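Only one structure is covered here, and it is reproduced in the block below.
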Amino acid sequence: MNYSKKIDAKWQEKWKKENLYKYNPNGEGKKFYTMEMFSYPSGAKLHLGHWFNYAPSDSYARFKKMQGYNVFHPMGFDAFGLPAENYAIKTGIHPEDSTLKNIETMKMQLDEMGGSYDWDYSVQTCMPDYYKWTQWIFVKLYEAGLAYKKEAPVNWCNSCKTVLANEQVINGQCERCGTAVERKKLAQWFFKITKYAQELLDGLDTLDWPESTKKVQINWIGRSEGSEVTFKGETGDYEFNVFTTRVDTINGVTYVVVAPESELVQKITTPEQKEEVDKYIKETAKLNEIDRLSTERPKTGVFTGAYVINPVNGNKVPVWIADYVLEDYGTGAVMAVPAHDTRDYAFAQKYNLPIKKVIDSADGQEITLPFTEKGILVESGKYNGLTSEEAKNKITEDLAAKGEGKKSINYRLKDWLVSRQRYWGAPIPIIYCDKCGTVVVPEKDLPVLLPYDVEFKPDGESPLKKSQEFMNCTCPKCGGPATREADTLDTFVCSSWYELRYPDAKNSEKAFERETINKLAPIDTYIGGKEHAAMHLIYVRFMTKVLRDLGYLDFDEPFKKLIHQGMILGPDGNKMSKSKGNTVSPEEYIEKYGSDIFRMYIMFGFDYRQGGPWDEKGIDSMVRYFSRIERLIEQVLTLKNAKTDMNIGPKEKELLRVKNQTIKSMGEDINNFQFNTAIARSMELLNKINEYIRESKQLNEKIVLETVETYMKLLAPLAPHFAEEQWEKLSKTESIHKQKWPEINKQEMDGGTKDIPVQVNGKLKLCVTVDADMSPEDILKKIKETPKVIEILENNKIKKEIYVPGKIYNLVVEK
RNA sequence: GCCGAUGUGGCGGAAUUGGUAGACGCACUGGAUUCAAAAUCCAGCGGGAAACCAUGUGGGUUCGAGUCCCACCAUCGGUACCA
């Protein structure tokens, strides 16, 4: 075989010289913006996962280009974040140094892969020319009231003296030292994503996304309709609301539960119960993370000593606190109906609280408690006999009339906590002044540069706090001495708008030009792992809507179509990991075989959306395929100057039919990210060409040549270097990547022959071969003239005859 | 528990969306070539002697089901007391 890494290098150099992948915003063709989720440059090299995401996606972009679109296919780096910082803590190598070095290596490797990127349109989120605009976005959100600061519980490791991100909490323990993580309240910055909860939910309908991913977002947003009901203290000096989706069960309330963290608790607890309540609050704060992982954990709680009045029936019920009630959902307080809620039931049993049944089954059947389904109201005074749905409306109406309740919608979605007490991130552009309070950094002073020389070993404080140079500043309002915010932004903020920056990556005046992005957006195809279904993909949607409302762009959703690639597992079927020793490195394969063979194998051996365990035996099959192609080209070259023979017989027709069929199905397959079948189809075409050459006594050389040229074009997006090399051998001077995707000749495609199956009672009996271009009527005629069919018709009593024109013929006979 | 995905030969995986199940490839078997081997080429390759039986299991709808409906099983992901 001639193909090797050398050929890759030869063409990469040439393409670079010719600026083959230069993006022209005013280029011909309809715009097509396709991108993959950019990568985090944590390791020094591209791993198999990168390859599996990027190589097929690149083939897709190349295909779209051949189809005549003006393709924009950028790539960048999500360069801020914890791994680099942790690596720095471990090795002493500064995050900036390691990150920039990794980016250079990865860029080089992406080029070696044959990626069709234009690096003039790229972003690196850790560079000031990018994070200046991340900060600018923060400023805009702050000015719009969409960024705010408040006390919030964070994950705290008391041994590392640091705040941990949720991802760093493994089974309730610190990922680094294994210490149990505590909840601690700290002042944190938030983005008001909850304001967009409903729109984020509604927008999903308009998107061409996998249903499962939409479902994840629906659950994440967690809309729930119900009622808010006011319970007043028996003494009348306080009141609070509970949220419930089952207000129809309100007559069955036997107690009320408040979250232990709720401020209300201090207010209502009686002196006698104070000691017990305080002790319980302390315990929950400590045990929280670990214990909340277990739903099997027995419910615990304590009585506050307080009583409240049920606004519907005037009953006096006790108020408890229990950690199964969460502070930050609903109102942080619930009405407990043990007869009709499993959690309340368990709790009531444990603490001997009364259980009162108020719902019966609608069909009169015997029920067992807790009965959580809807039914008919009983023991509910004037509401007796109503269905649950009727009662919900009626009771809420009655309460509303008295000002003691209302309809209410709750979302599970919480505001987005964006501050991190970490070094390697974009500084939050906020200044604290004794005189003026919280002041946002004016646009002209951006970016707030991240200082290089900082002690970033964790000790419980934001590393930036230790840099006097950074912290001390002057107030932009009064000019007096002031201090900077020491926290940095969550990296998800950086990645929540990068697709807007790509087309304008070098704009020093604006984050992005409105006209430009309006023209290119939304992204036609976004490709990346489904692990981002909830976080990243919601944040980008949120940011798009915010920037739209602030007038910076004119579309509602960032990503029209979303594709998730699968995951390549280790040869043992497990997730690849260094500790399991089942990792596979692309490098040695590229070195040995060249990048196209690796790319083609990756695409051929797996379902793109599914992935699967790595199996290197498959690579040899691809080597074989490439050699067969090379041999075909050599063979064809001997024909080049031969005379052409214009005879078009059945064999030629058949070859032309397969050629056109291949153009069609490969186009459809690549468009659907079904690279495995696209390559299978290309193999079929090769087999057909070989068969034709082998079996023809008189070759129609013109047809062979044309078919081979078409074949190379079909291969061009899938094996860019290899196809270009063969193209050159065929004495072509213009790059194959400037060629158009071949057109289908309908007439040729419908030529040749096809087999029509003949069934008896739905079971295949024989096939009748007909000319593919025959009319359905003639096909039926031919079928009926077939001796075997005549025999069946004569020997059986035919009850029914089904003929799907040109597809299938089925006879129903009496048995 | 809830939500989601998947289940087809020895293996990776196909089936135009209700119409020839197993495309394409790997592995395997036989043959050609070779002194021999590798490579290559050709042929075969779900089970069964056959009728037939076969797409996780059991039902159903249909002329016809891998595909649609009902019930269940298994595996893998996600999620975690959301009132």
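The structure displayed is predicted, hence computed values, not measured ones. Order of the sequence lines sets the chain letters (A, B, ...), proteins ahead of strands, with each chain counted from 1.
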At under 4.0 Å between heavy atoms, what does [X] touch on the DNA or RNA strands: base, sugar-phosphate, or nothing?
{"X": "A:Asp755", "answer": "base"}
{"X": "A:Tyr625", "answer": "nothing"}
{"X": "A:Lys530", "answer": "nothing"}
{"X": "A:Gly605", "answer": "sugar-phosphate"}
{"X": "A:Gly566", "answer": "nothing"}
{"X": "A:Val216", "answer": "nothing"}
{"X": "A:Asn219", "answer": "sugar-phosphate"}
{"X": "A:Lys414", "answer": "nothing"}
{"X": "A:Arg624", "answer": "sugar-phosphate"}
{"X": "A:Asp615", "answer": "nothing"}

Find the distance [X]:[atom1] to [N]:[atom2] and express it as a whole number of Å.
{"X": "A:Glu630", "N": "B:U40", "atom1": "CD", "atom2": "C1'", "value": "14 Å"}
{"X": "A:Trp220", "N": "B:G77", "atom1": "CH2", "atom2": "C1'", "value": "15 Å"}
{"X": "A:Asn672", "N": "B:A15", "atom1": "CG", "atom2": "P", "value": "10 Å"}
{"X": "A:His564", "N": "B:G78", "atom1": "NE2", "atom2": "C1'", "value": "12 Å"}
{"X": "A:Tyr803", "N": "B:G64", "atom1": "OH", "atom2": "P", "value": "20 Å"}

Would A:Lys299 count as a cation-pi partner of A:Tyr324, with NZ or CZ less than 6.0 Å from the six-membered ring centre and within 45° of the ring normal?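 Yes, A:Lys299 lies over the aromatic ring of A:Tyr324.
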
Determine whether any donor atom in the side chain of A:Lys799 lies under 3.5 Å from an acceptor atom in the base of B:C63, or the reverse, and answer yes or no.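 Side chain to base: no pair below 3.5 Å.
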
Using only modelled atom types and a 3.5 angstrom limit, is any donor from either the side chain of A:Arg246 or the base of B:A83 paired with an acceptor on the other?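 It does not, because no donor-acceptor pair links the side chain of A:Arg246 to the base of B:A83 below 3.5 Å.
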
Interatomic distance at [atom1], [N] relative to [M], whole Å:
{"N": "B:G19", "M": "B:C2", "atom1": "P", "result": "34 Å"}
{"N": "B:U55", "M": "B:A65", "atom1": "C1'", "result": "11 Å"}
{"N": "B:G18", "M": "B:G30", "atom1": "C1'", "result": "40 Å"}
{"N": "B:G22", "M": "B:A15", "atom1": "C1'", "result": "8 Å"}
{"N": "B:G12", "M": "B:G56", "atom1": "P", "result": "14 Å"}

If you check the [X] side chain, which of [options] turns out closest?
{"X": "A:Tyr329", "options": "B:C82, B:A23, B:G25", "result": "B:C82"}
{"X": "A:Gln759", "options": "B:A21, B:C41, B:A23", "result": "B:A21"}
{"X": "A:Val334", "options": "B:C63, B:G25, B:A83", "result": "B:A83"}
{"X": "A:Asn687", "options": "B:C24, B:C53, B:C81", "result": "B:C24"}
{"X": "A:Phe604", "options": "B:G25, B:C26, B:A23", "result": "B:G25"}
{"X": "A:Lys215", "options": "B:G13, B:G4, B:A83", "result": "B:G4"}
{"X": "A:Asn810", "options": "B:G19, B:C81, B:A21", "result": "B:G19"}
{"X": "A:Lys765", "options": "B:A14, B:C52, B:C42", "result": "B:C52"}
{"X": "A:Arg631", "options": "B:A23, B:G19, B:C41", "result": "B:C41"}

Do A:Arg609 and A:Asp607 sit within salt-bridge range, that is, some charged N less than 4.0 Å from a carboxylate O?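 Judged by the 4.0 Å cut-off on N to carboxylate O distance, A:Arg609 and A:Asp607 do not form a salt bridge.
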
Between A:Glu630 and A:Arg628, is there a side-chain N and carboxylate O pair less than 4.0 Å apart? no

Using ring centroids (six-membered ring only for Trp), state whether A:Phe598 and A:Trp51 fall under 6.0 Å. yes

Glycosidic conformation of B:U17, syn or anti, with 90° from 0 as the boundary? syn

Syn or anti for B:G31, taking syn as within 90° of 0?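 Anti conformation for B:G31.
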
When you check the phosphate oxygens OP1 and OP2 of [N], does a side-chain N or O of [X] lie under 4.0 Å from one of them?
{"X": "A:Thr245", "N": "B:C82", "answer": "no"}
{"X": "A:Arg412", "N": "B:U79", "answer": "no"}
{"X": "A:Lys800", "N": "B:C63", "answer": "yes"}
{"X": "A:Arg628", "N": "B:C41", "answer": "yes"}
{"X": "A:Lys763", "N": "B:C53", "answer": "yes"}

Taking for each residue the nucleotide of RNA chain B bearing the nearest heavy atom, is the 5' side occupied by A:Asn676 or by A:Val812? A:Asn676

First of A:Tyr411 and A:Cys767 reached from the 5' end of RNA chain B, by closest nucleotide: A:Cys767

Side-chain heavy-atom pair A:Met600, A:Phe675 within 4.5 angstrom cut-off: no

Given A:Ser224 and A:Asn410, is the side chain to side chain donor-acceptor pair (under 3.5 Å) satisfied, shown in steps? CA-CA 5 Å; A:Ser224 129; A:Asn410 254 285; over 6 Å; no

Quiz question: by atom type and distance under 3.5 Å, do the side chains of A:Arg541 and A:Gln217 form a donor-acceptor pair?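 Side-chain D/A pair, A:Arg541 to A:Gln217: present.
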
Report the C-alpha separation of A:Thr753 and A:Asp771 in whole Å, then their side-chain angles, then the decisive distance to 0.1 Å, and conclude whether the side chain to side chain donor-acceptor pair (under 3.5 Å) test is met. CA-CA 4 Å; A:Thr753 59; A:Asp771 288 339; over 6 Å; no

